[in-house]
There are 2 protein chains.
Amino acid sequence: MDIKIVDVAAKAGVSPATVSRVLNNNNNVTSKTKDRVMKVIHELGYQPNAAAKNLRSQKTMAIGVIVPEINNSYYAEVIKGIENQAYAMKYKVIICDTSNNKEKELEFINLLMNKTVDCMILVTPMMSDEEICHWADMDYSIGIVGRYIHHDKVPCVHTDNVKFSKEVVNHLVEQGHREIAFLSGYADAIDSYERLEGYLKGLREHHIPFRPEWIENGNFNKQGGYEALKRLIEKKVSFTAIYAANDEMALGVYQACGELGIKIPEQLAVIGVDNNRISRYITPQLSTVNQPKMKMGGAIVERLIHQLENGEVTDNRVIILESQLIVRDSSRSLPQT
Amino acid sequence: MDIKIVDVAAKAGVSPATVSRVLNNNNNVTSKTKDRVMKVIHELGYQPNAAAKNLRSQKTMAIGVIVPEINNSYYAEVIKGIENQAYAMKYKVIICDTSNNKEKELEFINLLMNKTVDCMILVTPMMSDEEICHWADMDYSIGIVGRYIHHDKVPCVHTDNVKFSKEVVNHLVEQGHREIAFLSGYADAIDSYERLEGYLKGLREHHIPFRPEWIENGNFNKQGGYEALKRLIEKKVSFTAIYAANDEMALGVYQACGELGIKIPEQLAVIGVDNNRISRYITPQLSTVNQPKMKMGGAIVERLIHQLENGEVTDNRVIILESQLIVRDSSRSLPQT
DNA sequence: TTGAAAGCGCTAACAG
DNA sequence: CTGTTAGCGCTTTCAA
């Protein structure tokens, strides 16, 4: 079959151990024998068997990544950040797409946590805090993106949803709006909850009495946003601006407004979250909040691998990255500059 | 440390071999002992060590996927198709993002081809046919998406670039255009070449004399399309329509036209390829060619795994999937319906 | 139907 | 500085 370490050793006239040392940059080898071994390795085109190496060294140099939807641009960007950083740190990346299915999420974590990978990154996981803590307690190395978990060993990277949501409300109020509706995402997603919280706090800061009819759920997707806006209209509740908890739902709002003949931003100001690439191309350009997606992916890899290799948990377990409000035409009341 | 097969065997009062048989659905086990073993497995929460299993069985149940850019929506869709089909066939997916870097591509293939994965899928690889054939000759299981390779053992899935490119030209001619420029992608990408070929054949079918000034390279990205259009204008060559070999370049054309005050489609008809999600949202909506991206990903996995598990090469090694021309406002001369 | 034993290819401890 | 030896945890003959 394939050529193995003993073959190299034999041809180079050394022991397998020496070949192993050469391959793993162990210093205790004469540069002379090292050269000889390297020469044979190249001659034979020897490639160490990863399975054997993994078994023996109890390491795989692989990171498992579980994402809700790989073809969603938000997650694709996070993954890109993970890939880049993993590559820089010499790790491979196994990606599992759950299609927003919690069963699959659990299945994948079980599938990988048997020495298939050294650690895992859960991107906005669907499972509960308790479940995640359960895995962490079993000494599985887990990192989280887009959510905060209260567990000493679990590094988390996320953005300050409350903070930027207040900024969104602030911006809308500055544009003259007092009646602002809110479209939330999945009811159980932490992002939904925190953005709602920021929205409410924003209203309060401006002494705008909150009205529950202003809130509708749009499940973070376009269809949901579309339906939510229609429900809002049917309720005959008055509002002049809408804060959608992500750009996808804002897209649905655009569609509904198109059908209903509602002009954006003249009759309804719209703002989303994510800075999805489409937001810049749609007319009118959609105001949004930029999330440092690639940075988030990179940061969690860095932290997780560091923790894995150095054993100890770093003090900066939780990383909160900054988001920026991007004001475009969809929420500008004045003629654009 | 972790609990292993001997622990299960001991507690169940059987040999490790029996536990292994139970786990691998080997029939030669009494249902009674099987039940007992299963019970212990659950009690102990036993998870077979993947590294040991891989080493012993010479299988990993993993597919390596090498893509140029994971956050590009085209590739993200292909990957989604791969993920879904791999999941259905119980395979894991290791994704490597080359960032359009050929060095990285070679590095990754070397990295994974050592029993880290059972087979690999190269999505529009940058390496030459010779290089790919070289790997295939070494008995590495390789599948290709988006390109045709002349090698018995290498399954390929792609679309008929020549065919749909002729349709594109045909459509533009029907709209009254006779002067059609072409924006190609990377010079060495097979897609570029074939789309150019289809464009030329399309012109010929309509007896339109081809002019070399009509062709510019835009490297498949937005900036490239932007610059290519500007060069085209500077050359003072006359053209009323432009066929961009992908939507990204068409986006660059839009930008350049915006700056130059060229109206689409009145002064310039534009059509792209890929049916990127943005194409539907931009104004005017971009005509394009839809590629069955997810289907392509699924098809290659199916074929590759089949070949891997059944040993023999299937006769339908090359799969050519259909693309559809999607006509939108950017290439319609008449007022839209 | 089950068990004993060998070994997948590598690394690391211990000698020398 | 280098070699010998013993496993990593599993599957798979071969015997019983």
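Just so we're on the same page: letters track the sequence lines, and every chain starts at 1.
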Ordered by number, residues from residues 29-38 of chain A within less than 4.0 Å of DNA chain D (heavy atoms) are A:V29, A:T30, A:T33

Out of C:dT2, D:dC10, C:dC10, minimum distance to the side chain of B:N28 belongs to C:dT2

Side-chain contact check for A:R21: nearest option of C:dA13, C:dG9, C:dG3 is C:dA13

Of the listed C:dG3, C:dT2, C:dG9, the closest approach to the B:A17 side chain comes from C:dG3

Regarding the side chain of A:S15, the nearest nucleotide among D:dT12, D:dT4, D:dG9 is D:dT4

| said: C:dG9, OP1 or OP2 - any side-chain N/O from B:Q58 closer than 4.0 Å? | reply: yes

Side-chain atoms of A:V14 come closest, of D:dG3, D:dC8, D:dG9, to D:dG3

Looking for any heavy atom pair under 4.0 Å, which part of the strands does A:T18 touch: base, sugar-phosphate only, or nothing? sugar-phosphate

Between the side chains of B:K104 and B:D97, is the shortest nitrogen-to-carboxylate-oxygen separation below 4.0 Å, so that they form an ion pair? no

Reckon B:N24 touches a base, only the sugar-phosphate, or nothing at all at heavy-atom distances under 4.0 Å? sugar-phosphate

Any side-chain to backbone donor/acceptor pair from A:T30 onto A:T33? Under 3.5 Å, distance only. no

Contact check, residues 39-51 of chain B vs DNA chain C, heavy-atom distance under 4.0 Å, returns none

**Prompt:** Would B:K153 and B:D139 pass as an ion pair if we require N to O under 4.0 Å?
**Reply:** yes

